[in-house]
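For reference, the structure discussed in these notes is given below.
Per chain, numbering begins at 1; letters A, B, ... match sequence-line order. Computed from heavy atoms alone, side chains included, the values below leave out hydrogens, waters and symmetry copies.
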2 protein chains.
Amino acid sequence: MNNFNELSIKNQLCFALYACSREINKLYTPILDEINLTYTQYISMLVLWEKDDIAVKDMGDILFLDSGTLTPVIKSLEKKGLVKRNRSTIDERIVNVTLTKEGLELKEKAKDVPAKVYCSVGLDKEDGLELYRLCYKVLDSIKK
Amino acid sequence: MNNFNELSIKNQLCFALYACSREINKLYTPILDEINLTYTQYISMLVLWEKDDIAVKDMGDILFLDSGTLTPVIKSLEKKGLVKRNRSTIDERIVNVTLTKEGLELKEKAKDVPAKVYCSVGLDKEDGLELYRLCYKVLDSIKK
DNA sequence: CTTAATTAAATTGAATACAATTGAATTGTA
DNA sequence: TACAATTCAATTGTATTCAATTTAATTAAG
């Protein structure tokens with residue numbers, strides 16, 4: 001296994017990442033069920049808990065998602081009463097998303113989610129940090 | 001950034017993996033367009049190029065996908081004339097997938113795909129191997 | 001042998017992703 | 001100022017992905 005430059009599925013670095021990402025996603029499902037969120041809804045809330053009142057575009061830049069994906073997710077969060085969408089009066093192209101009281105309160109319930117997931121992931125801190133570093137190296141390289 | 005156990009999107013190891021996987025997937029799109037395959041179709045063909053005449057179940061175990069995902073993918077490959085589906089006579093629950101002549105011939109056209117993608121990924125060999133190792137460490141840990 | 005349990009594939013329904021397009025608003029420029 | 005180019009969100013259409021269920025076949029247990 002000296003390089004990935006072969007048509008063997010086991011040798012495919014990109015496939016390993018893809019499978020890994022999907023398997024981790026499945027770990028979230030039962031944990032996020034408890035707070036009635038999907039993974040995409042959850043990461044959208046993470047952004048909002050960190051920066052309330054943010055444009056859809058800016059959420060998309062952080063999450064690497066476009067409005068085609070985000071618009072329906074934000075609408076679903078709005079339907080749950082967790083966020084509100086407000087078109088900017090300064091620039092009417094922009095829709096800003098803000099947390100409701102319920103949305104803010106959910107943060108408390110969500111605070112144990114990362115720990116629960118990492119328990120199942122089975123990496124020690126050193127490997128976790130290394131994996132994180134390599135993922136962002138790829139992301140930065142692609143973004144250029 | 002000493003741990004990932006916080007509700008900050010930038011600190012989320014799992015998010016990094018998820019974003020990384022999706023961004024790499026986008027790199028494949030224009031490259032696989034040239035041989036008229038989607039990513040899911042491509043990894044299915046990778047399995048078949050390595051082991052022709054394989055049950056849907058066994059493809060699924062390799063790709064971490066269930067029949068709900070694989071059945072339509074295999075049918076789309078069949079429609080393109082790349083594979084055939086044959087129900088086993090020994091055990092009629094099983095559907096075996098085999099390559100057609102066209103499916104086998106496509107392998108030659110696909111052989112440069114990995115190299116083209118890795119050029120864009122921007123990792124040297126050492127980092128690539130490390131990322132691969134960590135992904136499979138997670139996958140093995142989840143699979144138990 | 002007969003029935004219960006298991007297995008494999010397919011189906012259904014919900015939620016993503018993403019490319020491409022649309023429409024409205026804003027910005028840049030001659 | 002006019003008008004072309006750009007930007008942002010939404011929409012549309014296609015392809016996944018997965019949980020849950022269904023159907024048919026096989027295996028196991030009594």
Side-chain angles (χ1 to χ4, degrees), chain A residues 15 18-33 36-45 54-80 83-97 142, chain B residues 15 17-33 36-44 54-80 83-97 142:
Chain A
F15 171 74
Y18 158 82
C20 195
S21 169
R22 282 187 300 112
E23 289 305 305
I24 287 181
N25 224 290
K26 286 184 207 168
L27 295 180
Y28 274 97
T29 307
I31 294 167
L32 291 178
D33 271 351
N36 189 32
L37 290 178
T38 65
Y39 183 71
T40 316
Q41 290 167 357
Y42 169 69
I43 59 175
S44 300
M45 292 301 289
I54 184 174
V56 173
K57 171 71 164 61
D58 294 329
M59 286 186 68
D61 286 345
I62 294 168
L63 297 176
F64 297 84
L65 292 171
D66 65 13
S67 67
T69 302
L70 270 184
T71 295
V73 171
I74 294 167
K75 282 184 178 174
S76 72
L77 292 172
E78 191 177 35
K79 198 179 284 181
K80 286 181 207 269
V83 309
K84 269 200 173 334
R85 297 175 334 120
N86 334 275
R87 199 161 282 275
S88 165
T89 47
I90 299 156
D91 183 340
E92 297 209 356
R93 290 171 303 182
I94 295 172
V95 168
N96 290 304
V97 186
I142 291 175
Chain B
F15 171 74
L17 264 166
Y18 159 81
C20 195
S21 169
R22 284 186 298 114
E23 288 305 304
I24 287 180
N25 225 290
K26 286 184 209 170
L27 295 179
Y28 274 95
T29 306
I31 294 166
L32 291 177
D33 271 351
N36 189 31
L37 290 177
T38 65
Y39 183 70
T40 316
Q41 291 166 357
Y42 169 68
I43 59 175
S44 299
I54 184 173
V56 172
K57 171 73 163 60
D58 295 330
M59 285 186 68
D61 287 346
I62 293 168
L63 297 176
F64 297 84
L65 292 171
D66 66 12
S67 68
T69 302
L70 271 183
T71 296
V73 171
I74 294 166
K75 283 185 176 174
S76 71
L77 291 172
E78 191 177 36
K79 198 178 285 182
K80 286 181 207 271
V83 308
K84 269 198 175 332
R85 297 176 333 122
N86 335 275
R87 200 162 282 274
S88 165
T89 49
I90 299 156
D91 183 340
E92 297 209 356
R93 292 170 302 180
I94 295 173
V95 168
N96 290 304
V97 186
I142 291 175

About how many Å separate [atom2] of [Y] and [atom1] of [X], when rounded to the nearest 0.5 Å?
{"X": "Phe15(A)", "Y": "Tyr28(B)", "atom1": "CZ", "atom2": "OH", "result": "10.5 Å"}
{"X": "Asn96(A)", "Y": "Arg85(A)", "atom1": "CG", "atom2": "CZ", "result": "11.5 Å"}
{"X": "Leu77(B)", "Y": "Leu37(B)", "atom1": "CG", "atom2": "CG", "result": "7.0 Å"}
{"X": "Asp61(A)", "Y": "Asp66(A)", "atom1": "CG", "atom2": "CG", "result": "10.5 Å"}
{"X": "Ile74(B)", "Y": "Leu65(B)", "atom1": "CD1", "atom2": "CG", "result": "9.5 Å"}
{"X": "Ser21(B)", "Y": "Phe64(A)", "atom1": "OG", "atom2": "CZ", "result": "12.5 Å"}

Q: Would you indicate, yes or no, if dT11(D) has its OP1 or OP2 atom less than 4.0 angstrom from a side-chain nitrogen or oxygen of Thr71(A)?
A: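 For dT11(D), OP1/OP2 do not have a side-chain N/O of Thr71(A) under 4.0 Å.
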Q.
Please determine whether a side-chain nitrogen or oxygen atom of Gln41(A) lies at a distance below 4.0 Å from atom OP1 or OP2 of dT16(C).
A.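 Result: yes.
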Can you check the [X] [atom1] to [N] [atom2] distance for me, whole Å?
{"X": "Lys79(B)", "N": "dT14(D)", "atom1": "NZ", "atom2": "C1'", "result": "12 Å"}
{"X": "Leu70(A)", "N": "dA10(D)", "atom1": "CG", "atom2": "C1'", "result": "12 Å"}
{"X": "Met59(B)", "N": "dA9(C)", "atom1": "CE", "atom2": "P", "result": "11 Å"}
{"X": "Tyr28(A)", "N": "dT16(C)", "atom1": "OH", "atom2": "P", "result": "15 Å"}
{"X": "Tyr18(B)", "N": "dT16(D)", "atom1": "OH", "atom2": "C1'", "result": "13 Å"}
{"X": "Leu63(A)", "N": "dA15(C)", "atom1": "CG", "atom2": "P", "result": "19 Å"}
{"X": "Lys57(A)", "N": "dA10(D)", "atom1": "NZ", "atom2": "C1'", "result": "15 Å"}
{"X": "Ile43(A)", "N": "dA15(C)", "atom1": "CD1", "atom2": "C1'", "result": "13 Å"}

Q: Give the minimum heavy-atom separation between Ile142(B) and Leu27(A), together with the two atoms involved.
A: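 That closest heavy-atom pairing would be CD1-CD1, 3.8 Å.
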Q.
Testing the basics here: between Pro72(A) and Ser67(A), what is the closest heavy-atom pair and its distance to 0.1 Å?
A.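 For Pro72(A) versus Ser67(A), the nearest heavy atoms are CD-O, 3.9 Å.
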Q: With a 3.5 angstrom cut-off on both distances, give the Watson-Crick or G-U wobble partner of dA19(C), or none if there isn't one.
A: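 When the pairing criteria are applied, dT12(D) turns out to be the nucleotide that pairs with dA19(C).
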Q) Pick the nucleotide of DNA chain C nearest each of Val56(B) and Thr40(A); which residue has the one closer to the 5' end? A)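 This one resolves to Val56(B).
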Q: Would you sort out whether Met45(A) and Val83(A) count as a side chain to side chain contact (heavy atoms under 4.5 Å, CB included), showing the intermediate values?
A: CA-CA 9 Å; Met45(A) 292 301 289; Val83(A) 309; 4.0 Å; yes
Polar pairs (N or O, both sides) under 3.5 Å between protein and nucleotides 1-3 of chain C?
none

Q. Which letters describe nucleotides 18-23 of chain D, given B = protein heavy atom under 4.0 Å from base, S = only from sugar-phosphate, - = neither?
A. BB----
Nucleotides 21-25 of chain C: which of its N/O atoms have a protein N/O under 3.5 Å away?
none

Q | Lys80(B) NZ: over 12 foreign heavy atoms closer than 6.0 Å | A |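 Enclosed.
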Q.
Is there a side-chain contact between Tyr39(A) and Leu32(A) in this structure, where contact means two heavy atoms from C-beta onward sitting under 4.5 Å apart?
A.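 Yes; the side chains approach each other to less than 4.5 Å.
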Q: Quick one: do Lys75(A) and Glu78(A) satisfy salt bridge (charged side-chain N to carboxylate O under 4.0 Å, His left out)? Show the steps, please.
A: CA-CA 5 Å; Lys75(A) 282 184 178 174; Glu78(A) 191 177 35; over 6 Å; no
